[in-house]
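Quantities reported herein were computed from a predicted structural model and do not represent experimental measurements. Counting from 1, the numbers follow the sequence of the chain as shown.
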Amino acid sequence: MMAIPPGLPVIARASFRCHRFRRVRLFVGATAILVAAVGCQEEVTAPTSLEGAPAMASAATVALAFNQVSGGARHTCGVTADNRAYCWGLNSSGQLGDGTSTQRLRPVPVAGMLRFRQVSAGGQSTCGLTTDNRAYCWGYGGDGELGNGTSTNRLTPVPVAGGRLFRWVDVSDYHACGVSYSDNKAYCWGYNGAGALGDGTTTTRLKPVAVAGGRQFREVKVGQLHTCGVTTTDQAFCWGWNSFGQIGDSSTSTRLTPSRVAGTLRFRQVDAGASFTCGVTTTGRAYCWGNGRVGQIGNGKAYLSYWPRAVAGGLTFRRVNTGEFHACGETTENRAYCWGWNLTGAIGDGTTTQRLRPVAVAGGHFFRQMSAGSSHTCGRTFAITYCWGGNDNGQLGEGTNNQRLTPYRVAAP
């Protein structure tokens, strides 16, 4: 099992079910926290059609062309050009959705006839949106993160309760959230002991509940035990666990309802990591805040920040995506950069050296979308998907369990 970065406090009571590293149970007021699992999410445009890629045959000898990819804890999922969902990697709770609990080293199709336009790979669960804006989840459901009204694991997709339409859905280790279609309201479900659902309580919910405040959100992204979102007026709000300043409101107070990120920055996009958060402003500058002790804030220092700090280098980003202890982003020229912890090679620069500021991903590829998982990262070019980093459960999808320090092409099914 991968070592925890030095200098991070550990909670005494922990249930180690792998998320994007380890599952932990945090209670508000706990004096020590395990900074572990994170919501590793991806970014796509919704509900309009996704970026196109030439359709490719799904024969065993031909690799799939993905329109979107999402790195989870120790599994990865993606949506092909013809709106089919595939997953690979760890499958202990059915998070691959193929009707089994068998680990897969190559992509396997999610069971059923559903057509998806977006998927989100979480800890031991996965959620996705169909082409008609219906939310489905599968895998581990013990904390209600499947949103179907039960705490039962599911090996194939089940509909999120309530019949609500969504334009976006995101799942982490303990909880999931979505933005409704077409009124742009935020809803969350799952574990709520630290207020990550944003409904003003610490009550776990097995079905979606509205985030307090009635704001209209463009997107909502889930971290380990906190959640952040960007409103349709470009304001960033976060709520939930805040021991490391990941809410970004200049405090370390847990927030049970949305709290605005400090400062006057206008954000186009945000993403919530384990105990940190990053975002891209409307001018294309990347900022991060929260726990930066292993470089995940990307400003050249290794410390906490309770409000946004500019990522070093002056790069212009289109998107930034947070993993467990690292972050990656695509510039407006579609070049990939990553920073933070790098023990497993998730930075993709050919080393295992921790990086306190962005470094270019090796290979010179032009990436259209990236997704940082727990110990790995995946990204797609126009028609090819690559992954790199930790691969102990086959989460790189290249047919082996070999660690890769630079991008390696995802194999054909």
Side-chain angles (χ1 to χ4, degrees), residues 38-45 51 168 170 217-221 223 226-238 244-250 258-323 325-341 347-349 354-361 366-372 377 379:
V38 61
C40 307
Q41 303 87 6
E42 72 301 328
E43 183 75 24
V44 294
T45 302
E51 296 175 289
W168 176 264
D170 198 42
F217 285 91
R218 184 161 58 246
E219 66 173 12
V220 172
K221 307 300 285 293
H226 77 291
T227 307
C228 294
V230 172
T231 68
T232 53
T233 57
D234 303 321
Q235 296 177 329
F237 288 83
C238 296
F244 295 93
Q246 57 266 49
I247 301 300
D249 64 354
S250 300
S259 180
R260 185 172 178 180
V261 172
T264 60
L265 294 169
R266 313 290 287 189
F267 285 91
R268 182 171 67 228
Q269 174 256 336
V270 295
D271 201 15
S275 53
F276 73 109
T277 306
C278 293
V280 176
T281 66
T282 53
T283 61
R285 296 301 304 274
Y287 287 78
C288 297
W289 55 95
N291 189 356
R293 287 176 176 161
V294 290
Q296 59 267 60
I297 289 181
N299 67 338
K301 301 182 184 299
Y303 58 30
L304 307 184
S305 178
Y306 304 134
W307 55 84
R309 301 281 188 177
V311 172
L315 297 165
T316 302
F317 285 96
R318 184 161 41 88
R319 223 172 352 235
V320 170
N321 189 261
T322 56
F325 297 116
H326 75 289
C328 297
E330 315 110 53
T331 68
T332 51
E333 292 80 28
N334 295 320
R335 293 297 190 179
Y337 290 81
C338 297
W339 57 94
W341 201 36
I347 301 300
D349 65 343
Q354 177 177 296
R355 303 296 184 177
L356 302 183
R357 56 181 65 227
V359 295
V361 173
F366 289 89
F367 284 98
R368 306 191 75 182
Q369 181 248 324
M370 297 172 66
S371 182
T377 305

Report yes or no: does [X] contribute a side-chain atom to a donor-acceptor pair with the main-chain N or O of [Y] at less than 3.5 Å?
{"X": "Gln269", "Y": "Val320", "answer": "yes"}
{"X": "Glu330", "Y": "Met370", "answer": "yes"}
{"X": "Thr277", "Y": "Trp289", "answer": "no"}
{"X": "Thr377", "Y": "Ala372", "answer": "no"}

- Who passes side chain to side chain donor-acceptor pair (under 3.5 Å) against Arg218, sequence neighbours left out?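 For Arg218, the residues satisfying side chain to side chain donor-acceptor pair (under 3.5 Å) (neighbours in sequence not counted) are Asp234.
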- Query: For Thr264, what residues pass the side chain to side chain donor-acceptor pair (under 3.5 Å) criterion, not counting sequence neighbours?
  - Reply: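 Side chain to side chain donor-acceptor pair (under 3.5 Å) check on Thr264 returns nothing, list empty.
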- Task: May I have the step-by-step check of side-chain contact (heavy atoms from CB on, under 4.5 Å) for Asp271 and Cys278, ending in yes or no?
- Result: CA-CA 5 Å; Asp271 201 15; Cys278 293; 5.5 Å; no
- Message: According to side-chain contact (heavy atoms from CB on, under 4.5 Å), who are the partners of Ala262, at least two apart in sequence or on a separate chain?
- Response: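 Expected list: Ser250, Trp307.
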- Message: Which residues pass the side-chain contact (heavy atoms from CB on, under 4.5 Å) test with Thr281, not counting sequence neighbours?
- Response: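 side-chain contact (heavy atoms from CB on, under 4.5 Å) list for Thr281, sorted by chain: Leu265, Phe267, Thr283, Arg285, Tyr287.
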To the nearest 0.5 angstrom, please state how far the [atom1] atom of [X] sits from the [atom2] atom of [Y].
{"X": "Gln246", "Y": "Thr322", "atom1": "CD", "atom2": "OG1", "answer": "11.5 Å"}
{"X": "Asn291", "Y": "Phe325", "atom1": "CG", "atom2": "CZ", "answer": "7.5 Å"}
{"X": "Trp341", "Y": "Leu356", "atom1": "CH2", "atom2": "CG", "answer": "14.5 Å"}
{"X": "Arg260", "Y": "Phe237", "atom1": "CZ", "atom2": "CZ", "answer": "6.0 Å"}
{"X": "Phe367", "Y": "Cys328", "atom1": "CZ", "atom2": "SG", "answer": "9.5 Å"}

Could you tell me which non-hydrogen atom of [X] sits nearest to which non-hydrogen atom of [Y], and how far apart they are?
{"X": "Val261", "Y": "Cys238", "value": "CG2-SG, 4.0 Å"}
{"X": "Ser259", "Y": "Asp249", "value": "OG-OD2, 2.8 Å"}
{"X": "Ala327", "Y": "Gln296", "value": "CB-O, 4.4 Å"}
{"X": "Arg357", "Y": "Asn299", "value": "NH2-O, 4.5 Å"}
{"X": "Val311", "Y": "Cys288", "value": "CG2-SG, 3.8 Å"}
{"X": "Val361", "Y": "Ile347", "value": "CG2-O, 3.6 Å"}

- Query: Checking side-chain hydrogen bond (donor to acceptor under 3.5 Å, both in side chains) against Arg318, which of Asn334, Thr331, Thr332 comes through?
  - Reply: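 It is Asn334; the other options fail the test.
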- Query: For Tyr337, what residues pass the ring-ring contact (aromatic ring centres under 6.0 Å, His included) criterion, not counting sequence neighbours?
  - Reply: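 ring-ring contact (aromatic ring centres under 6.0 Å, His included) check on Tyr337 returns nothing, list empty.
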- Task: Assess whether side-chain contact (heavy atoms from CB on, under 4.5 Å) is satisfied between Arg268 and Val230, documenting all intermediate values.
- Result: CA-CA 7 Å; Arg268 182 171 67 228; Val230 172; over 6 Å; no
- Item | Chi angles and distances behind the side-chain contact (heavy atoms from CB on, under 4.5 Å) call for Arg293, Leu304 | CA-CA 7 Å; Arg293 287 176 176 161; Leu304 307 184; 3.7 Å; yes
- Query: Are any of the side-chain nitrogens in Asp170 or Lys221 under 4.0 Å away from the carboxylate oxygens of its partner?
  - Reply: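 Looking at Lys221 together with Asp170, the answer is no, because their closest N to O distance does not fall below 4.0 Å.
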- State whether a side-chain donor-acceptor pair under 3.5 Å links His226 with Ser275.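 No donor-acceptor contact under 3.5 Å links the two side chains.
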- Please test Arg335 against Phe366 for side-chain contact (heavy atoms from CB on, under 4.5 Å), starting from the C-alpha separation and ending with a verdict. CA-CA 5 Å; Arg335 293 297 190 179; Phe366 289 89; 3.0 Å; yes
- Hey, could you give me each pair passing salt bridge (charged side-chain N to carboxylate O under 4.0 Å, His left out) that has a residue in residues 302-316? Not counting sequence neighbours.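 Qualifying pairs: none.
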